[in-house]
2 protein chains.
Amino acid sequence: MQRGTFQLMKSVNKSIILNKIRLSEPISRAQIAKETSLTPPTVSSIVKELIAQGIVRESTLGSSSGGRRPTMLHIHKNGFYVIGVDAGPERVECILTDLMGTIYERAASKLDTPITNDQFLAVLIATIKRVFQAQDKIIGIGIAMHGVVDVDTGTSLVAPILNLKNIPIKSVIEEEFNITVKVENDARAFALGESWFGGHEAFESMVAVNIGRGVGAGVVINGKLYHGAQGIAGEFGHMTIDINGDICECGNQGCLQTFVSGAAIAKRAGKQFSADLTAKEVYESALNGNQAYADLLVETGKMIGIGLANLIHLFNPSKIVLGGGVMKSERFIMPALLETVKQKVLTNKAKETVVTVTRLGEDATILGAVALLLIEIFDPPIQID
Amino acid sequence: MQRGTFQLMKSVNKSIILNKIRLSEPISRAQIAKETSLTPPTVSSIVKELIAQGIVRESTLGSSSGGRRPTMLHIHKNGFYVIGVDAGPERVECILTDLMGTIYERAASKLDTPITNDQFLAVLIATIKRVFQAQDKIIGIGIAMHGVVDVDTGTSLVAPILNLKNIPIKSVIEEEFNITVKVENDARAFALGESWFGGHEAFESMVAVNIGRGVGAGVVINGKLYHGAQGIAGEFGHMTIDINGDICECGNQGCLQTFVSGAAIAKRAGKQFSADLTAKEVYESALNGNQAYADLLVETGKMIGIGLANLIHLFNPSKIVLGGGVMKSERFIMPALLETVKQKVLTNKAKETVVTVTRLGEDATILGAVALLLIEIFDPPIQID
DNA sequence: ATAGTAAATTAATTTAATTAAGAAAAGAAG
DNA sequence: CTTCTTTTCTTAATTAAATTAATTTACTAT
């Protein structure tokens with residue numbers, strides 16, 4: 001059990017200061033003290049340590065209105081690096097970033113099926129190697145893996161499209177690079193990326209929903225991922241919304257996914273218009289003025305809205321961020337979606353829930369992978385109410 | 001912002017010790033030290049304070065196996081009292097308990113409709129007065145109010161069956177008794193009561209679902225209620241599970257409530273068998289061997305199961321506790337419910353989610369009202385990961 | 001130049017935990 | 001019955017780290 005110790009007290013203050021610098025750099029010691037209500041000597045002494053550790057650095061002097069000019073502090077850009085990996089079903093992408101999430105290197109590899117566990121891991125290692133520079137300054141590798149992931153062991157339990165099972169990602173990569181490795185499901189990494197780099201500081205709780213091949217969600221409460229008891233919190237795609245609906249790949253009936261995933265859109269287009277199109281083609285046709293396809297996307301927006309209303313009634317997050325391939329049809333989907341949410345949600349207060357589309361684009365997930373390690377550095381060991 | 005201070009450090013340890021005593025009394029100082037990994041002097045000095053405050057007391061000496069006999073510690077039963085109130089749509093019930101939730105006094109009043117805000121408050125005050133003994137030792141009044149409650153202001157925004165709005169419960173009762181008053185929605189109080197007094201210590205997250213007139217749920221994470229951003233987290237009854245379903249009283253279509261509430265059961269009985277029965281009568285007929293009614297209840301169990309599967313996929317709590325009038329038909333409902341959950345939930349791990357019916361009976365909600373104040377005393381100011 | 005002001009550091013103090021040592025109380029062994 | 005061991009609990013000394021107060025540094029403004 002975690003007790004009240006001096007170390008606890010200190011690490012709490014350390015996180016407060018570090019996060020203040022991260023979110024408000026450049027900032028002076030005096031201003032940190034003012035804004036956190038820590039005393040100046042406490043700030044000075046902790047900042048001294050952070051500088052010695054190489055996480056923080058001093059830069060220029062700020063301006064003064066009569067008095068000594070403040071020394072501005074920053075996160076040390078070249079102090080430490082993190083590697084982020086987005087391992088999708090078709091390609092593996094790697095980036096090298098600093099502690100602020102600035103990207104310095106990028107590499108990607110295609111995955112060809114059929115593939116074995118070892119081949120997959122070999123591609124992963126090779127791609128990471130291409131961005132693995134300044135080794136001694138890299139503090140870890142964060143991996144966003146599609147499919148079902150066991151976070152504790154860092155194992156990919158099921159990788160559906162690659163048709164792989166039980167890939168011991170964490171242990172193999174840790175062995176290879178001799179460095180900390182964190183593995184997380186890609187939908188949750190997306191949520192974490194949005195929460196850290198999407199510019200949503202003020203939101204205490206956020207749900208990020210990825211609608212693409214499948215539909216997944218990640219729940220972030222106070223900057224941290226919420227996993228639930230068995231690590232399946234946020235299985236948004238398999239929420240039943242139509243007890244008489246079609247059979248889903250999971251075996252249940254009327255899952256949200258059977259209405260709104262990319263495959264579902266394509267299937268419905270096929271059914272209604274006997275056309276053999278992908279979701280992308282449906283969107284493009286709609287863009288080109290095909291009203292029937294546009295209507296189909298609007299209908300999809302309504303269904304997503306129903307799902308989100310359920311989400312709001314259960315989780316009641318302050319913000320919901322949407323991403324994934326399907327959301328590229330934003331212009332057709334969003335108006336209907338927002339209206340449905342507003343109409344379905346019970347209280348006026350809850351109607352205020354902010355629902356937006358990601359502005360981080362493709363990088364939200366891989367930056368979330370990076371954030372898996374940033375949490376270790378920036379997050380306090382405790383949650384203060 | 002809450003900093004790392006000496007007070008924080010101390011209050012963390014104080015909570016740890018207090019909760020250890022509460023959950024394991026009688027217990028010695030030495031054993032507390034062992035089990036919490038706090039050092040003996042720390043335990044002694046904090047226990048000394050707790051005794052001086054009158055929250056803890058020493059009792060007999062324990063047994064020894066060669067060595068000084070330990071002095072056993074308890075929560076001081078006659079040290080402090082709490083008043084709990086369950087304000088339902090038909091009656092107001094009050095209890096006087098000690099810090100362990102032991103009930104010493106009880107009083108109840110019937111509510112007649114039509115009723116005004118002032119009349120309602122007058123009944124509330126009169127009933128509380130009947131249990132308001134040993135005034136100087138009462139630390140507060142916790143009120144579980146049906147309907148929509150604004151927790152921050154302690155106002156009942158909507159009390160549906162009484163047909164009242166904006167009742168300023170907290171301010172009026174605080175003024176009358178000059179004591180701390182906490183107001184919470186009754187479904188959430190039920191959840192809190194279960195979590196504190198239902199014998200579920202080991203569960204980090206719990207959802208308690210009340211199925212009666214309406215369907216509500218309370219979410220408890222680490223012993224605390226989760227409210228969400230606008231305080232509507234757990235509006236389980238208005239989760240859409242059938243996009244083509246009947247219109248609910250909330251205006252939406254196919255809410256879970258339209259399938260499983262007491263009223264819904266009665267309505268379906270009426271529709272299928274053109275009988276004018278209450279849900280209770282349906283249950284009694286089923287008990288007397290009416291197979292059609294038994295089937296109707298089994299069907300209800302299945303629908304609840306579908307709702308719970310959705311709940312598990314989003315919140316993934318370690319435990320779900322069911323209560324409320326409808327759950328009195330447990331013997332018909334539960335087997336189908338459990339099977340449906342097991343069948344619908346995706347991963348094997350999550351199938352392990354424990355689903356049970358409350359064993360606290362009628363008192364879960366009112367004890368939850370009591371727990372609203374116990375939290376103030378027992379809960380740590382921080383959440384340790 | 002000099003006064004005034006703000007930033008940062010240094011020194012002294014305080015809080016509260018930890019470590020080490022000791023006192024109290026019991027059973028066990030001779 | 002005395003002595004030893006064990007366990008519980010307290011007391012005293014030490015330590016970590018925050019706070020308070022004082023001081024130094026480095027400006028701006030008159």
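These figures come from a predicted structure and were not determined experimentally. Side chains included, hydrogens not; waters and symmetry mates left out as well; all remaining heavy atoms used. So you know, we letter chains A, B, ... as the sequences are listed, proteins then strands, and number each from 1.
Within 6.0 Å of the NZ atom in B:Lys48, the count of heavy atoms belonging to other residues, nucleotides or ligands does not exceed 12. Annotation: B:Glu175, atom CD; neighbour count of heavy atoms from other residues, nucleotides and ligands within 6.0 Å does not exceed 12.
The terminal axes of the helix from C:dA1-D:dT30 to C:dG30-D:dC1, fitted over 5 pairs per end, subtend an angle of 20° to the nearest 10°.
Applying the side-chain hydrogen bond (donor to acceptor under 3.5 Å, both in side chains) test to A:Asp379 and every residue at least two apart in sequence or in another chain returns nothing. Every residue meeting the side-chain contact (heavy atoms from CB on, under 4.5 Å) condition with A:Ser15, not counting sequence neighbours, appears here in chain and number order: A:Asn19, A:Pro380, A:Pro381. Residues passing the ring-ring contact (aromatic ring centres under 6.0 Å, His included) test with B:Phe315, sequence neighbours excluded: A:Phe315, B:Tyr226. Scanning for salt bridge (charged side-chain N to carboxylate O under 4.0 Å, His left out) contacts around A:Lys34 gives an empty result, with sequence neighbours left out. Under the rule for a side-chain contact (heavy atoms from CB on, under 4.5 Å), the partners of A:Phe6 that lie at least two apart in sequence or sit in another chain are A:Met9, B:Phe6, B:Met9. In this structure, B:Arg68 has no salt bridge (charged side-chain N to carboxylate O under 4.0 Å, His left out) partners at least two apart in sequence or on a different chain. Take A:Lys170 and apply the side-chain contact (heavy atoms from CB on, under 4.5 Å) test, not counting sequence neighbours, and it matches A:Glu174, A:Val181, A:Val183.
The nearest whole Å value for the distance from the CD atom in B:Gln31 to the P atom in D:dT8 is 8 Å. With rounding to whole Å, A:Leu8 atom CG is found 15 Å from C:dT18 atom C1'.
In this structure the side chain of B:Leu73 reaches within 4.5 angstrom of the side chain of B:Ile32, judged on heavy atoms. You'll find the side chain of B:Asp98 stays beyond 4.5 Å of the side chain of B:Ile75, heavy atoms only.
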Short N/O separations, protein against nucleotides 15-19 of chain D, under 3.5 angstrom:
| unit_1 | atom_1 | unit_2 | atom_2 | d |
| --- | --- | --- | --- | --- |
| D:dA18 | OP1 | A:Asn13 | ND2 | 3.4 |
| D:dT19 | OP1 | B:Arg3 | NH1 | 3.1 |
| D:dT19 | OP2 | A:Thr39 | OG1 | 3.0 |
| D:dT19 | OP2 | A:Thr42 | OG1 | 2.9 |

Within the sub-3.5 Å range, which N or O atoms of nucleotides 26-30 of chain C have a protein N or O partner, and how far apart are they?
| unit_1 | atom_1 | unit_2 | atom_2 | d |
| --- | --- | --- | --- | --- |
| C:dA26 | N3 | B:Gly67 | N | 3.4 |

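An OP1 or OP2 oxygen of D:dT8 is reached within less than 4.0 angstrom by no side-chain nitrogen or oxygen of B:Thr71.
Remark: A:Ser28, A:Arg29 in residues 17-29 of chain A come within less than 4.0 Å of DNA chain C through at least one heavy atom.
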Run the side-chain donor-acceptor check on residues 53-60 of chain A: report pairs under 3.5 Å with partners two or more places apart or on a different chain.
| unit_1 | atom_1 | unit_2 | atom_2 | d |
| --- | --- | --- | --- | --- |
| A:Glu58 | OE2 | A:Arg29 | NH1 | 3.2 |
| A:Glu58 | OE2 | A:Arg29 | NH2 | 2.7 |
| A:Ser59 | OG | A:His74 | NE2 | 2.7 |

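The pair B:Glu194-B:Lys319 does not count as a salt bridge, with every side-chain nitrogen at least 4.0 angstrom from each carboxylate oxygen.
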